Amino acid sequence: MTYENILVARDGRVGIITLNRPKALNALCDALIDDLGGALDEFEADEGIGAIILTGSEKAFAAGADIKEMKDRSFMDVYLSDFITKGWERVASCRKPVIAAVAGFALGGGCEVAMMCDIIIAAENAKFGQPEITLGIIPGAGGTQRLTRALGKAKAMDLVLTGRMMDAAEAERCGLVSRIVPAEKLMEEALAVAGKIASMSLPITLFAKESVNRAFETSLAEGLRFERRMFHAAFATEDQSEGMSAFAEKRPAQFKHR
Ligand code: HXC
């Protein structure tokens with residue numbers, strides 16, 4: 001497939017999607033969201049891909065939904081077309097691990113898309129925020145929900161109600177970001193993390209991702225029950241047998257399903 005608003009590449013078992021609308025700081029127009037969904041569908045269907053990196057440019061991961069495209073829309077336009085649910089949640093529904101490699105602005109919908117990913121790695125110049133309030137709207141793709149779960153109420157309210165940006169150091173301190181790296185090392189680090197993940201058993205990686213995500217959807221008792229069932233199911237796979245045999249035999253595991 002060819003895409004107009006993103007670049008798609010692969011590095012071994014890692015799929016790389018680069019948001020590419022430089023003139024608009026990667027503002028997430030409808031066409032870009034369609035492209036992103038298409039690329040994720042392709043990588044998801046490809047057994048040769050074990051992890052995906054989503055990144056932008058040095059200046060912007062994404063500066064939000066496309067304000068110029070949205071500005072004349074009415075309630076009926078956004079309600080009847082189910083704006084946001086359609087397309088946007090594709091990142092969150094991806095079964096394979098997705099790493100957001102964020103440099104520059106990750107604002108509004110850009111911050112929300114980063115939060116739909118499983119791990120956020122930030123360059124030192126990354127800036128996160130939910131500035132929707134300054135536009136007379138509120139976040140619509142998880143900014144009041146995923147941000148609050150990630151940071152807690154005080155920080156989420158601070159960001160959502162004032163629209164201010166936070167830098168990478170603050171984002172790491174409050175748990176939004178898993179690590180910060182110098183800007184020039186961002187892709188190297190993201191590729192190392194994604195490559196490591198993609199070297200594991202793919203079905204077991206999916207078990208792990210689904211189980212962690214359950215923590216956000218259920219009570220502790222139900223989450224623990226789900227985890228235990230997935231843990232038991234891991235023993236039905238050849239990769240459990242290979243992983244444990246390799247340990248006992250002091251050799252690297254050769255997972256079959258990856
Ligand atoms: C459309 C955008 C854009 C956006 C930037 N641009 N952000 N176009 N939608 N979200 C365009 C600018 O209009 C400009 O185009 C070009 O990109 C460069 O931007 P500048 O503003 O000149 O750059 P700079 O001075 O460096 O400022 C960077 C910035 C600022 C601080 C990130 O661009 C900004 O505040 N952008 C809007 C951020 C925002 O409010 N995001 C939330 C959007 S609402 P021209 O043609 O003038 O050169 C949202 C809701 C999501 O995301 C809900 C779920 C779908």
Side-chain angles (χ1 to χ4, degrees), residues 4-7 17-40 54-94 98 100-117 120 122-151 155-171 176-177 183 186:
E4 268 182 34
N5 302 286
I6 60 172
L7 304 171
I17 302 172
T18 305
L19 305 177
N20 187 36
R21 278 189 85 203
K23 283 187 188 146
L25 300 182
N26 292 333
L28 304 162
C29 60
D30 291 347
L32 187 153
I33 293 293
D34 285 348
D35 285 356
L36 180 56
L40 286 169
L54 181 58
T55 193
S57 69
E58 270 174 38
K59 186 162 185 207
F61 176 76
D66 192 311
I67 301 167
K68 293 165 193 169
E69 195 177 66
M70 279 187 299
K71 76 178 180 40
D72 295 324
R73 286 182 181 161
S74 68
F75 167 76
M76 280 307 170
D77 292 334
V78 296
Y79 180 67
L80 292 180
S81 68
D82 203 8
F83 178 51
I84 291 162
T85 309
K86 255 196 202 153
W88 284 73
E89 288 283 337
R90 179 67 189 89
V91 182
S93 69
C94 185
V98 185
V102 176
F105 300 109
L107 301 176
C111 186
E112 292 171 310
V113 166
M115 290 190 292
M116 290 175 195
C117 299
I120 302 178
E124 282 165 347
N125 74 338
K127 288 204 181 318
F128 299 87
Q130 299 291 162
E132 287 89 342
I133 197 103
T134 67
L135 299 167
I137 57 169
I138 68 167
T144 67
Q145 302 301 303
R146 290 193 180 94
L147 191 74
T148 307
R149 281 168 166 77
L151 310 185
K155 255 322 173 202
M157 284 289 189
D158 179 350
L159 291 163
V160 170
L161 297 182
T162 68
R164 78 170 174 91
M165 293 183 212
M166 68 176 166
D167 64 16
E170 185 180 358
L176 185 67
V177 157
L186 180 64

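Here, residue 1 is the first one in the sequence, and each next residue gets the next number. Counting starts at 1 for both ligands and their atoms, in listed order. Please read these numbers as outputs of a predicted model, since none were measured by experiment.
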Asker: For atom 2 (C) of ligand 1, what's the nearest protein heavy atom and its distance?
Answerer: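 Looking at atom 2 (C) of ligand 1, the protein heavy atom closest to it is Ala24 O, 3.8 Å.
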Asker: Within ligand 1, which atoms have a heavy atom of Leu135 less than 4.0 Å away?
Answerer: 40 (O), 43 (C), 44 (S)
Asker: Please work out, at 4.0 Å between heavy atoms, whether the side chain, the backbone, both, or neither of Leu28 comes within that distance of ligand 1.
Answerer: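 For Leu28, no heavy atom sits under 4.0 Å from ligand 1.
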Asker: With a 4.0 Å cut-off, strictly under, does atom 6 (N) of ligand 1 pick up any protein heavy atom?
Answerer: yes
Asker: My understanding is that we take every heavy atom of each candidate and find the minimum distance to atom 26 (O) of ligand 1. Doing that for Lys59, Met165, Lys127, Lys68, which one comes out nearest?
Answerer: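 Residue with the shortest heavy-atom distance to the ligand atom: Lys59.
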Asker: Is there at least one protein heavy-atom neighbour under 4.0 Å from atom 21 (O) of ligand 1?
Answerer: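 Flag for atom 21 (O) of ligand 1 set to false, no protein heavy atom closer than 4.0 Å.
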Asker: Answer yes or no: does an N/O atom from Phe105 fall short of 3.5 Å to an N/O atom of ligand 1?
Answerer: no
Asker: Tell me which one of Leu107, Ile33, Ile84, Asp66 gets a heavy atom nearest to atom 32 (C) of ligand 1.
Answerer: Leu107
Asker: Is the shortest distance from a heavy atom of Pro131 to ligand 1 less than 4.0 Å?
Answerer: yes
Asker: Heavy-atom contacts with Gly64 under 4.0 Å: which atoms of ligand 1 show up? List them by number with element.
Answerer: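 So the answer, numbered in order with elements, is 52 (O).
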Asker: Between Ala27 and ligand 1, which residue portion shows a heavy-atom distance shorter than 4.0 Å: side chain, backbone, both, or neither?
Answerer: side chain
Asker: Give me the residue, atom name and distance of the protein heavy atom closest to atom 19 (O) of ligand 1.
Answerer: Leu25 CD1, 3.6 Å
Asker: Say whether Lys23 and ligand 1 are in contact under the criterion: heavy-atom distance to a ligand atom below 4.0 Å.
Answerer: yes
